[in-house]
Amino acid sequence: MGQALWRLPPRQQLQLQEELADRLADREGGGRQDQGRDGDPQKRAPQPCYGPDIYHLLRTRMGGKEQHGFIDLEMLPPELGITILSYLNATDLCLASCVWQDLGSDEYLWQGLCKSTWGHCSIYNRRLPAGFSYRRLYLQLDEGCLTFNANAREGIDYFMSKGILVDHPTELAKFIFYTRRLHWKMLRIYLDERRDVLDELVTLHNFSNQFLPNALRDFFRHIHAPEERGEYLETLITKFSHRFCTCNPVLVRQLGLSPDAVYVLCYSLILLSIDLTSPHVKNKMSKREFIRNTRRAAHNVSDDFVGHLYDNIYLIGHVAV
């Protein structure tokens, strides 16, 4: 009855719900009907309904008995029960499966958890073998991330041994780009060793129509900047500068920018961020000083554009936090 009602068109659902409500009212009132002013039976006005009436549906399926506490999901249509459980995380879903084993172990729920937590895996694009379980895949992905956060190389080897990833720079870069479960320190060490993966990871960023400081923040949100200045930081800024110019050809042409000019501006933004946000710097750099110092290194950039850069750092904050 519940599953049939759930799959009916809205108009038929409304009619059936009115009939169910009338039957329940007759049963509770001993078959009495509301009397009008003239003593004639008066038909009860239908209540507005915008979807399946879960209360009446449950009352009907339970024989009109009242239920106290949380709703038993097994009394609901399977589609609705799965929709409710889809809002749980993996830990809560495991606990729910102890009560509702069939619903909590549904592959649709665990597939959603896998793809929402790890947006890209090589195994998603292959034909799944017989007996494949997304719940088991979720546990393997979680175990692999824990291994990666302890040792990056061992973590990637674990993913490959389970057939989750293939050893290709593009596949590894997509996996890193679409997940937030990898620790940034281990990720920085891994990308420093695998420059081919770093190159593919940079190309996944789209900086079109983004203001330079905001684009740099977005870049460092995925690829964390090192704590000290060195060759790796220079490599990151160089790759970012070329990618930014590639994504914004019109802006580059209008402002007369080049990858070298963007490189200089990025370093100026990092130094300005440290100057304005560090509590150890007492004499903060003024906007006029920033414009003067930046124009010495980037001659083709206008004062207005450099001034907007200063305002962004002053109002929003560090570019590499």
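Values below: all heavy atoms of this structure, side chains included; hydrogens, waters and symmetry mates excluded.
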(request) Taking R217 for its side chain and G317 for its backbone only, find out whether a donor-acceptor pair lies under 3.5 Å. (result) yes
(message) Taking CZ in F305 as the centre, count heavy atoms belonging to other residues, nucleotides or ligands within less than 6.0 Å. Is the count above 12?
(response) yes
(message) As an exercise, state the distance from OH of Y232 to CG of L198, rounded to the nearest 0.5 Å.
(response) 5.5 Å
(request) Please confirm whether F207 and F240 have ring centers closer than 6.0 angstrom. (result) yes
(message) Using only atom types and a distance under 3.5 Å, with no angle test, would you say the side chain of T277 pairs donor to acceptor with the backbone of H318?
(response) no
(message) Please evaluate residues N300 and L257 with respect to the criterion side chain to side chain contact (heavy atoms under 4.5 Å, CB included), reporting the C-alpha separation (whole Å), side-chain torsions for both, the decisive distance (0.1 Å), and the verdict.
(response) CA-CA 7 Å; N300 296 330; L257 296 176; over 6 Å; no
(request) Tell me whether L95 is reachable from Y138 by hopping between hydrophobic residues (I, L, V, M, F, W, Y) whose side-chain heavy atoms are closer than 4.5 Å. (result) no
(message) Between N206 and S208, is there a side-chain donor-acceptor contact under 3.5 Å, judged purely by atom types and distance?
(response) yes
(message) When you measure from the side chain of N248 to the backbone of L251, do you find a donor-acceptor pair of N or O atoms at a distance under 3.5 Å?
(response) no
(request) Spell out, as yes or no, whether a donor-acceptor pair under 3.5 Å connects the side chain of R288 to the backbone of M285. (result) no
(message) Please tell me whether L271 and I313 are part of a single hydrophobic cluster in this structure, the criterion being side-chain heavy atoms less than 4.5 Å apart.
(response) no
(message) Tell me whether T117 contacts the main-chain N or O of L113 through its side chain, where contact means a donor paired with an acceptor under 3.5 Å.
(response) yes
(request) Using a cut-off of 6.0 Å, state whether more than 12 heavy atoms not belonging to E231 lie near its atom CD. (result) yes
(message) For the CG atom on D102, are there more than 12 heavy atoms of other groups (residues, nucleotides or ligands in this structure) within a distance under 6.0 Å?
(response) no
(message) Just verifying a value: how many Å separate L204 CG and D199 CG, rounded to the nearest 0.5 Å?
(response) 11.0 Å
(message) With side chain to side chain contact (heavy atoms under 4.5 Å, CB included) as the criterion, how do L141 and K162 come out once you've worked through the C-alpha distance, each side chain's angles and the decisive distance to 0.1 Å?
(response) CA-CA 9 Å; L141 285 167; K162 299 297 182 180; over 6 Å; no
(request) Establish, yes or no, whether a centroid distance under 6.0 Å links the rings of F244 and F219. (result) no
(message) Quick check: is L146 connected to L187 through a chain of hydrophobic side chains (ILVMFWY, heavy atoms under 4.5 Å apart)?
(response) no
(request) To the nearest 0.5 angstrom, please state how far the CG atom of D142 sits from the SG atom of C114. (result) 10.0 Å
(request) Starting from the C-alpha separation in whole Å, work towards a yes-or-no answer on side chain to side chain contact (heavy atoms under 4.5 Å, CB included) for N293 and S268. (result) CA-CA 9 Å; N293 296 336; S268 299; over 6 Å; no
(message) Nearest 0.5 angstrom please: L165 CG to W118 CH2, how far?
(response) 11.5 Å
(request) Measure the acute angle between the ring planes of Y134 and Y124, then classify it against the limits of 30° and 60° as parallel, tilted or perpendicular. (result) tilted
(message) Classify the ring geometry of Y178 against H120: parallel below 30°, tilted from 30° to 60°, perpendicular beyond 60°.
(response) tilted
(message) Here's a test for you: under side chain to side chain contact (heavy atoms under 4.5 Å, CB included), which of L265, L269, L272 qualifies with P213?
(response) L269
(message) For K185, is the NZ atom crowded, meaning more than 12 foreign heavy atoms sit under 6.0 Å from it?
(response) no
(request) Evaluate salt bridge (Lys or Arg N to Asp or Glu O under 4.0 Å) for E193 paired with R153, printing each intermediate quantity in order. (result) CA-CA 10 Å; E193 296 176 352; R153 184 175 300 177; 3.3 Å; yes
(request) Compare every heavy atom of A215 with every heavy atom of Q210, then report the nearest pair and how far apart it is. (result) OE1-CA, 3.3 Å
(message) Checking salt bridge (charged side-chain N to carboxylate O under 4.0 Å, His left out) between K287 and each of D311, D303, D275, which is the one that passes?
(response) D311
(message) Do Y108 and Y87 sit in one hydrophobic cluster, given that two such residues count as connected whenever their side-chain heavy atoms are within less than 4.5 Å of each other, even indirectly?
(response) no
(message) If hydrophobic clusters are built by linking Ile, Leu, Val, Met, Phe, Trp and Tyr wherever their side-chain heavy atoms come under 4.5 Å apart, do V301 and V250 end up in the same one?
(response) no
(message) Using the rule given for side chain to side chain contact (heavy atoms under 4.5 Å, CB included), can you reason through R195 versus T235, listing the C-alpha separation, both sets of side-chain angles and the distance that settles it, and then say yes or no?
(response) CA-CA 10 Å; R195 297 297 176 91; T235 300; 3.5 Å; yes
(request) Using a cut-off of 6.0 Å, state whether more than 12 heavy atoms not belonging to N283 lie near its atom CG. (result) no
(message) Tell me the closest heavy-atom pair linking S302 and R295, and the distance in Å.
(response) C-NH1, 4.4 Å
(request) For the residue pair Q140 and I123, establish whether any side-chain heavy-atom pair is separated by less than 4.5 Å. (result) no
(request) Report the distance from atom SG of C121 to atom NZ of K174, rounding to the nearest 0.5 Å. (result) 12.0 Å
(message) Is the ring pair H222/H205 parallel, tilted or perpendicular, if the boundaries are 30 and 60 degrees?
(response) perpendicular
(message) Just checking N125: does its CG atom have more than 12 heavy atoms from other residues, nucleotides or ligands closer to it than 6.0 angstrom?
(response) yes
(message) Which heavy atom of R194 sits nearest to which heavy atom of P169, and what is that distance?
(response) NH2-CG, 4.4 Å
(request) Answer whether the closest heavy-atom distance between the side chains of Y263 and E234 falls below 4.5 Å. (result) yes
(message) Once rounded to the nearest 0.5 Å, what's the spacing between atom CG of L309 and atom OG1 of T294?
(response) 7.5 Å
(request) Spell out, as yes or no, whether a donor-acceptor pair under 3.5 Å connects the side chain of N149 to the backbone of C145. (result) yes
